[in-house]
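To keep things clear, I will list the structure first and then write my remarks on it.
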Amino acid sequence: MTKKEEFYYGENGEPRKFDPKFRGPIHNRHCTDVLCCVIFVVVILGYIALGIVAWVHGDPRKVAYPTDSYGQFCGQKDTPNENKTILFYFNILKCASPLVLINLQCPTTQLCVSKCPDRFATYIDMQSSYRYNKSYWEYYRQFCKPGFSKPWKSVAQVMRDEDCPSMIIPSRPFLKRCFPDFATKNGVLTVANQTTFKDGRGKTRNVTDLREAANGINNVLDARSVGMKIFEDYASSWYWILIGLFIAMVVSLLFLVLLRFIAGVLFWIFIFGVIGIIGYGIWHCYWEYHRLHGIPGSDLTIYDIGFQTDFRVYLQLRQTWLAFMILLCIVEVVIILMLIFLRNRIRIAIALLKEGSRAIGYIMSTLFYPIITFILIAICISYWAVTAVFLATSGEPVYKVMANQSLCKYANLTCYPETFNTTNVTKLCPGAQCTFAFYGGESLYHRYILIFQISNVFVFLWLVNFAIALGQCTLAGAFASYYWAFRKPADIPACPLFSSFGRAIRYHTGSLAFGSLILAIVQLIRVILEYLDHKLKGSQNVFAKFLLCCLKCCFWCLEKFLKFINRNAYIMIAIYGKNFCTSAREAFFLLMRNVVRVAVLDKVTDFLLFLGKILVAGGVGVLGFFFFTHRIPIFTQEAPSLNYYWVPLLTVIIGSYLVAHGFFSVYAMCVDTLFLCFCEDLERNDGSTAKPYYMSASLHRILGKKELSPKNESCY
């Protein structure tokens, strides 16, 4: 065998081995990156074990149910609190903010009740009326500690022991907790139409004193009302939303089919439109420059007038319009020169886009593969979220000393309810109580919960990236089977998508896991940097902020670069069946040898697909707007009556964009795969009978090479 037959040469003169029997994706493969595959499987098993341990120790009821001062759940079945689903605070004035209330760390007794108070009342008024009206006490006692039945007990002792609240105020439940029933009347804050209330300690206070303790609750309660209306809108329009998403799917498919015929037209219309708009801008700048000639003050320079907050001042200067005109002329010349010198590469990019549409037409099953990726990612998200909740709720009840006196040395110290009454804390700190504070623990498991949470996030990122990588490798294998079929579609293997999926799982799980691992590490670092940035927002350390900003920028760029390299490495894996590092290296150098083609193809593809997404989402959105606002006469009766028409409309628009993105992501992967195959085809073959091209006739004509053999020409 001669040297010419043993090697072929890249565009940089690098000799590479030539396989005369190469006919597309290798079928006789071997397992790649086995060590990483083993580690990946072990990590998955460990992740399952972590979930099991979290499920054993965790208790999501701690999230679903509020907890009283004794660590008991409100509304839990088969408990004394089964019918008491709402948490009541004895003295809400002691709570600094709603966050303190939600975190159950408000320094006042918390009690489970069946309903919130609906009136103003004080313990003093109840005690004074008890002798002649027992019903007053019967209502008030439901907000006292269970078992307390001494309405004659002195007010001072009741307040000290916190047997009953000193006052109750009209409230309504929110987040299963009683909050003051605020309202605004003529611009004045009121509670049950009153602006003052008795605090049960001999003082009359203004309801504005409750503002700090329940800051922002009004807005949140109003949001709840809005939320109910939104839910009603979804309930009455869900099937029309599904119809809109189905229309988006049909339009997306139609757009992909039409790209075979209109890709070039759309691109050149856009390019000449940009050239025309810039040309008009140049003319307008010249017109303004000429109009200002002779006007007093227009010949001043920008340097003369300095910085002005009113930017309209600069528009009165001839120099401003001259600068605009020069800038636009430069842009215009650059675009025209790029079109002149890159015209052939632009034609190749458009031809590849058309070829991608043709490939999808032959392998229609690829359009529905994103559903599998979506299901895998949904499983990962669900498992991560459930495990995170169980880890967060796997602590034991921790009790703290809650003292009314700020000078009590035992305040906020850990205590035990079983033995609290036998200690001298109540003697040194009158009124102190051993109150439930939060969930935690001192065991080995509880000390490492933070590490477990970080591990949960890391493995979640790894699995999500693996699911995406599996989809990319599967699609790449299917489309590579199309490109390397000498006679299309006769030589396309049966079930190319299923075969590619099987090869990726059987032979290349380790390689896909390797690439996903690298990306997951970078993403975890970015998550940590975002957390540190959130913590340092109030910091005055300028250098730390600058360093953190630089690190965030660098790792963002690194993540984008790794995604690009991984994507093309998976394509090479799907074609040649080599390990990740080898595939990444070969893909990188192959792209570098065709860097101009890569740039042109990337921008042309991005533009056309973005235009398609906007057309799909915008078109369906306009149709939805006319439908939900009853502006289509033939559907006036069928259109539902809505509180907010924008609720289903936004859902349809966003959903349509996501549907289009799912379909177009397949198309983008198809174009990228065909491009790499096209570059390999150019380097491997020369169009001779011994080494014929596998590219389509349109690509062959653009290159200006020899005519294709009759067998290949007849396929198009």
Side-chain angles (χ1 to χ4, degrees), residues 33 35-65 67 73 99 102-104 372-398 437-472 505 509-536 548 551-552 555-556 558-559 562-563 566:
D33 296 304
L35 178 60
C36 194
C37 179
V38 173
I39 295 175
F40 183 61
V41 173
V42 171
V43 168
I44 291 178
L45 294 177
Y47 195 34
I48 295 174
L50 175 62
I52 294 174
V53 172
W55 297 340
V56 170
H57 289 83
D59 190 351
R61 294 176 301 176
K62 298 169 185 176
V63 177
Y65 302 103
T67 310
F73 300 118
L99 291 178
I102 296 171
N103 289 331
L104 307 177
I372 298 177
T373 302
F374 173 79
I375 293 173
L376 292 176
I377 293 178
I379 292 173
C380 293
I381 294 175
S382 302
Y383 188 89
W384 164 77
V386 171
T387 303
V389 169
F390 274 89
L391 283 173
T393 60
S394 57
E396 300 296 331
V398 174
F438 56 88
Y439 290 97
E442 298 298 329
S443 68
L444 182 66
Y445 169 77
H446 293 106
R447 285 201 297 266
Y448 287 97
I449 281 185
L450 177 61
I451 303 299
F452 293 150
Q453 287 283 23
I454 295 176
S455 302
N456 184 30
V457 173
F458 173 69
V459 181
F460 162 71
L461 294 174
W462 193 358
L463 291 175
V464 168
N465 286 313
F466 178 82
I468 296 173
L470 178 61
Q472 292 175 342
I505 289 292
T509 297
S511 297
L512 301 181
F514 190 14
S516 305
L517 173 63
I518 298 173
L519 193 56
I521 292 174
V522 174
Q523 289 174 339
L524 180 64
I525 294 175
R526 288 195 63 203
V527 170
I528 295 173
L529 290 175
E530 289 293 340
Y531 173 78
L532 294 176
D533 183 49
H534 177 73
K535 288 295 184 182
L536 291 175
L548 193 60
L551 289 174
K552 288 172 60 179
F555 278 97
W556 179 84
L558 180 59
E559 181 184 355
L562 287 176
K563 285 183 176 180
N566 284 11

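All residue numbers in this chain count up from 1 along the given sequence.
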Report summary line: Here the salt bridge (Lys or Arg N to Asp or Glu O under 4.0 Å) pairs for residues 516-529, sequence neighbours left out, are Arg526-Glu559
Report task. Determine yes or no for a side-chain-to-main-chain donor-acceptor pair under 3.5 angstrom, with Tyr47 supplying the side chain and Val42 the backbone. Result -> no
Query raised in the report: What pairs meet the salt bridge (Lys or Arg N to Asp or Glu O under 4.0 Å) rule with one or both residues in residues 39-50, with sequence neighbours excluded?
Result: none
Query raised in the report: Can a donor-acceptor pair be found between the side chains of Gln523 and Asn465 at a distance below 3.5 Å?
Result: yes
Report summary line: One should read off an interatomic distance between Leu524 CG and Ser455 OG, to the nearest 0.5 angstrom, of 9.0 Å
Report task. Side-chain contact test, heavy atoms from C-beta onward, threshold under 4.5 Å: evaluate it for Leu463 versus Phe458 and give yes or no. Result -> no
Requested in this report: Classify the ring geometry between Phe466 and Phe40 as parallel (under 30°), tilted (30 to 60°) or perpendicular (over 60°).
Outcome: tilted
Query raised in the report: Which atom pair, heavy atoms only, marks the closest approach of Ala469 to Leu512?
Result: O-CD2, 4.1 Å
Query - Listed partners of Ala54 passing side chain to side chain contact (heavy atoms under 4.5 Å, CB included), at least two apart - result: Thr387, Phe390, Leu391, Tyr445
Query raised in the report: Side chains of Ile377 and Ile468: closer than 4.5 Å at any heavy-atom pair?
Result: yes
Query - Distance (rounded to the nearest 0.5 Å) between Asn456 CG and Leu461 CG - result: 9.5 Å
Query - Separation of Asp533 CG from Leu548 CG (nearest 0.5 Å) - result: 5.0 Å
Query raised in the report: Which heavy-atom pair separates Ser516 from Asn566 by the least distance, and what is that distance?
Result: N-ND2, 4.5 Å
Query raised in the report: Taking atom CZ of Phe452 and atom CG of Leu450, what is their separation to the nearest 0.5 Å?
Result: 10.5 Å
**Report entry** Closest non-hydrogen atom pair between Asp33 and Ser511, with its separation
**Finding:** OD2-OG, 2.5 Å
Query raised in the report: Between CD1 of Ile44 and CD1 of Ile48, what distance do you get to the nearest 0.5 Å?
Result: 7.0 Å
**Report entry** Atom of Val464, atom of Cys380 and distance for their closest heavy-atom approach
**Finding:** CG2-CB, 4.0 Å
**Report entry** Atom pair CG/CD1 of Leu558 and Ile521 - distance to nearest 0.5 Å
**Finding:** 11.0 Å
